[in-house]
Amino acid sequence: KEYFCGFQNNLSYSLLDCPVACEQAACIGFSDELKITYEPSEQSSYDAVEDYSAYLHIVQQNNKDGNDEIYYTQFDSSGHLQEYQKRITNNLYASQNPSLAVDSQNQVHLIWQDNRDNNDEIYYAKIDANDNIVINDKRLTFNVYQSQHPKILSSGDKLHIFWLESRNNAQNIYYKQ
């Protein structure tokens, strides 16, 4: 599959051709915008990261199936679509605010907030370098407070997870490895 991007002049180019199109459009520093998703539904939160092989990984929140779920998309280093909207979550409750990181083995680590427990908690999934989900729906927080807006960072093979939580009428940042 090849990914095509649209430009304001209504021409389409593959990602490989985008630098040429950018030169034709007299861009300085950045290319024209690229449309990554083609969904009529609302997509209100996303994150993106490049791995050590120059693959682009994108995770997004989308309500195309009736409620907010988390989906994963990947492009290879040549700009070709490898995986489009692999569904990561599948439940009746809202899965929101995804974040992702890539470790030194190009494994993708995803976290998001989920209210399936009648309380926002942070969940985790791991996708290996072959796009297989090897860990899914692992709950990381366990408390009566709202755990929201998670962020994940990778430093080699060490993961750093941050989130906001309201305790004692104050919202603070929490952290775990």
Listed partners of F142 passing ring pair (Phe, Tyr, Trp, His ring centres under 6.0 Å), at least two apart
none
Quick one: list whatever passes side chain to side chain contact (heavy atoms under 4.5 Å, CB included) with L92, sequence neighbours left out.
none
I'd like to check the ring pair (Phe, Tyr, Trp, His ring centres under 6.0 Å) partners of Y46; sequence neighbours left out, ordered by chain and number.
none
If you look only at pairs with a residue in residues 117-127, which of them pass as a salt bridge (Lys or Arg N to Asp or Glu O under 4.0 Å), with sequence neighbours excluded?
D117-R139, E121-R139
Taking only residues at least two apart or on different chains, which pairs with a member in residues 152-174 satisfy salt bridge (Lys or Arg N to Asp or Glu O under 4.0 Å)?
E165-R167
Residue pairs fulfilling salt bridge (Lys or Arg N to Asp or Glu O under 4.0 Å) with at least one residue in residues 45-63, sequence neighbours excluded:
none
Please name all residues satisfying side chain to side chain contact (heavy atoms under 4.5 Å, CB included) with A125, sequence neighbours left out, ordered by chain then number.
I88, L110, W112, N136
Partners meeting ring pair (Phe, Tyr, Trp, His ring centres under 6.0 Å) with Y72 (sequence neighbours left out)
H57
Side chain to side chain contact (heavy atoms under 4.5 Å, CB included) filter on N172, not counting sequence neighbours, yields A170, Y174
Using ring pair (Phe, Tyr, Trp, His ring centres under 6.0 Å) as the criterion, list what pairs up with Y93, not counting sequence neighbours.
none
Side-chain cluster (under 4.5 Å, hydrophobic types only) that Y52 belongs to, other residues
none
Got a sec, which residues hit salt bridge (Lys or Arg N to Asp or Glu O under 4.0 Å) with D137, two or more places apart in sequence or on another chain?
R116
